[in-house]
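Report on the structure given below.
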Amino acid sequence: MAAWPALPFGGWLILPIIGIVLTPILILAQIFDTGYFNNSIWEGFEYAGYDNVGFLKLYLGMELFYNFTFLVFVILTIILLFKKRTCTPIMMRIFYGCNLVIILLESFLLNQFGIPDPTVGSDIFRAALSAAIWIPYFLYSDRVKHTFVTTYNKSKSITAESFIKNTVQ
């Protein structure tokens, strides 16, 4: 329940909402465009003559795991966002912070193994700019503070006892 009525979505808040709603589509497109499920990608590292084939396979597997994990996190954040839950600003700050940290970590690891990434500069710039704008916005904005006011209502939650009591009669 909210202590006071939540403001409607509006103002600058619309921009990160559009971004996070499009993010699952972009993640899914990346998952299927990268070729994680194509065996020739995995075998191609060996045929290309890379010395660090094991690392590349581990990297690709970890990237796939991260993409699926981030996809679940983003969907949860979208659900909380549209319910105007009080934890949404924290989730959005984690979203932008993790995005920046993962891109920096990925760039560092690829650089350590001499693997070129032609988009790394623009990816880092975009993630850093997004984090620099939206993390403080979700931390200090009055609009955010007055939009995400719905708290978790434990009385409406289903406990194991109430579930058993209502289903076994």
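All of these numbers come straight from a predicted model, not from anything done at the bench. Residue indices begin at 1 and follow the sequence shown.
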Membership question, hydrophobic clusters at under 4.5 Å side-chain separation (ILVMFWY): are Leu76 and Ile27 in the same one? yes

Euclidean distance, Arg143 CZ relative to Leu7 CG, rounded to 0.5 Å: 5.5 Å

Using the side-chain contact (heavy atoms from CB on, under 4.5 Å) rule, take Phe148 and Leu81 through it: C-alpha gap first, then chi angles, then the decisive distance, then the call. CA-CA 8 Å; Phe148 301 104; Leu81 182 134; 4.1 Å; yes

Show me the pairs that pass side chain to side chain donor-acceptor pair (under 3.5 Å) and involve residues 109-129, at least two apart or across chains. Asp117-Thr119, Thr119-Asp123, Asp123-Arg126

Minimal non-hydrogen separation, Thr147 against Pro8, with atom names: OG1-O, 4.2 Å

Would you name the heavy atoms of Ala127 and Asn99 that are closest together and state the gap between them? CB-ND2, 4.2 Å

The reported gap from CD1 in Ile20 to CG in Leu15 (rounded to nearest 0.5 angstrom) is 13.5 Å

What's the verdict on side-chain contact (heavy atoms from CB on, under 4.5 Å) for Leu64 and Leu60, showing C-alpha distance, side-chain angles and the deciding distance? CA-CA 6 Å; Leu64 178 62; Leu60 201 60; over 6 Å; no

Pro16 and Met92 have their tightest heavy-atom pair at CB-CE, 4.0 Å

Going from CZ on Phe95 to CD1 on Ile78, what distance comes out if it is rounded to the nearest 0.5 angstrom? 8.5 Å

What residue pairs, at least two apart or across chains, pass side chain to side chain donor-acceptor pair (under 3.5 Å) with a residue in residues 83-98? none

Which of parallel (below 30°), tilted (30 to 60°) and perpendicular (above 60°) describes Tyr137 and Trp134? perpendicular

Would you call Trp12 and Ser141 a side-chain contact if the rule is heavy atoms closer than 4.5 Å? no

Might you point out which heavy atoms bring Pro136 and Ala131 nearest each other, and give the distance in Å? CD-O, 3.5 Å

Does atom OH (Tyr140) have a neighbourhood of more than 12 heavy atoms from anything else shown, all under 6.0 Å? no

May I ask whether Ile79 and Val72 are part of the same hydrophobic cluster, defined by side-chain heavy atoms of I, L, V, M, F, W, Y residues being less than 4.5 angstrom apart, directly or through others? no

Strictly by side chain to side chain donor-acceptor pair (under 3.5 Å), give each pair with a member in residues 58-77 just once, sequence neighbours left out. Tyr36-Glu63, Tyr36-Asn67, Tyr59-Glu63, Tyr59-Glu106

Report yes or no: do Val101 and Leu139 belong to one cluster of Ile/Leu/Val/Met/Phe/Trp/Tyr joined by side chain heavy-atom distances under 4.5 Å? no

Run the side-chain contact (heavy atoms from CB on, under 4.5 Å) test on Phe32 and Asn38 for me, step by step, so that the C-alpha distance in whole Å, both residues' side-chain angles and the decisive distance to 0.1 Å come before the verdict. CA-CA 9 Å; Phe32 289 106; Asn38 185 348; over 6 Å; no

Cluster companions of Val120 among Ile, Leu, Val, Met, Phe, Trp, Tyr (side-chain spacing under 4.5 Å): Leu100, Ile103, Leu104, Ile124

Show your reasoning for whether side-chain contact (heavy atoms from CB on, under 4.5 Å) applies to Asp142 and Lys145. CA-CA 5 Å; Asp142 286 335; Lys145 289 176 185 169; 4.3 Å; yes

List in chain and number order the residues that pass ring pair (Phe, Tyr, Trp, His ring centres under 6.0 Å) with Phe9, two or more places apart in sequence or in another chain; answer none if no residue qualifies. Phe82

Return the CG to CG distance between Leu110 and Leu105, rounded to the nearest 0.5 Å. 9.5 Å

Find the distance between CD1 (Ile14) and CD1 (Ile17) and round it off to the nearest 0.5 Å. 5.0 Å

Could you state whether Leu13 and Ile18 fall into the same hydrophobic cluster, counting links through intermediate Ile, Leu, Val, Met, Phe, Trp or Tyr residues with side-chain heavy atoms under 4.5 angstrom apart? yes

Do Val21 and Leu80 sit in the same hydrophobic cluster, where Ile, Leu, Val, Met, Phe, Trp and Tyr count as joined when their side-chain heavy atoms come under 4.5 Å apart? yes

What's in the same ILVMFWY side-chain cluster as Met62, cut-off under 4.5 Å, chained through other members? Leu58

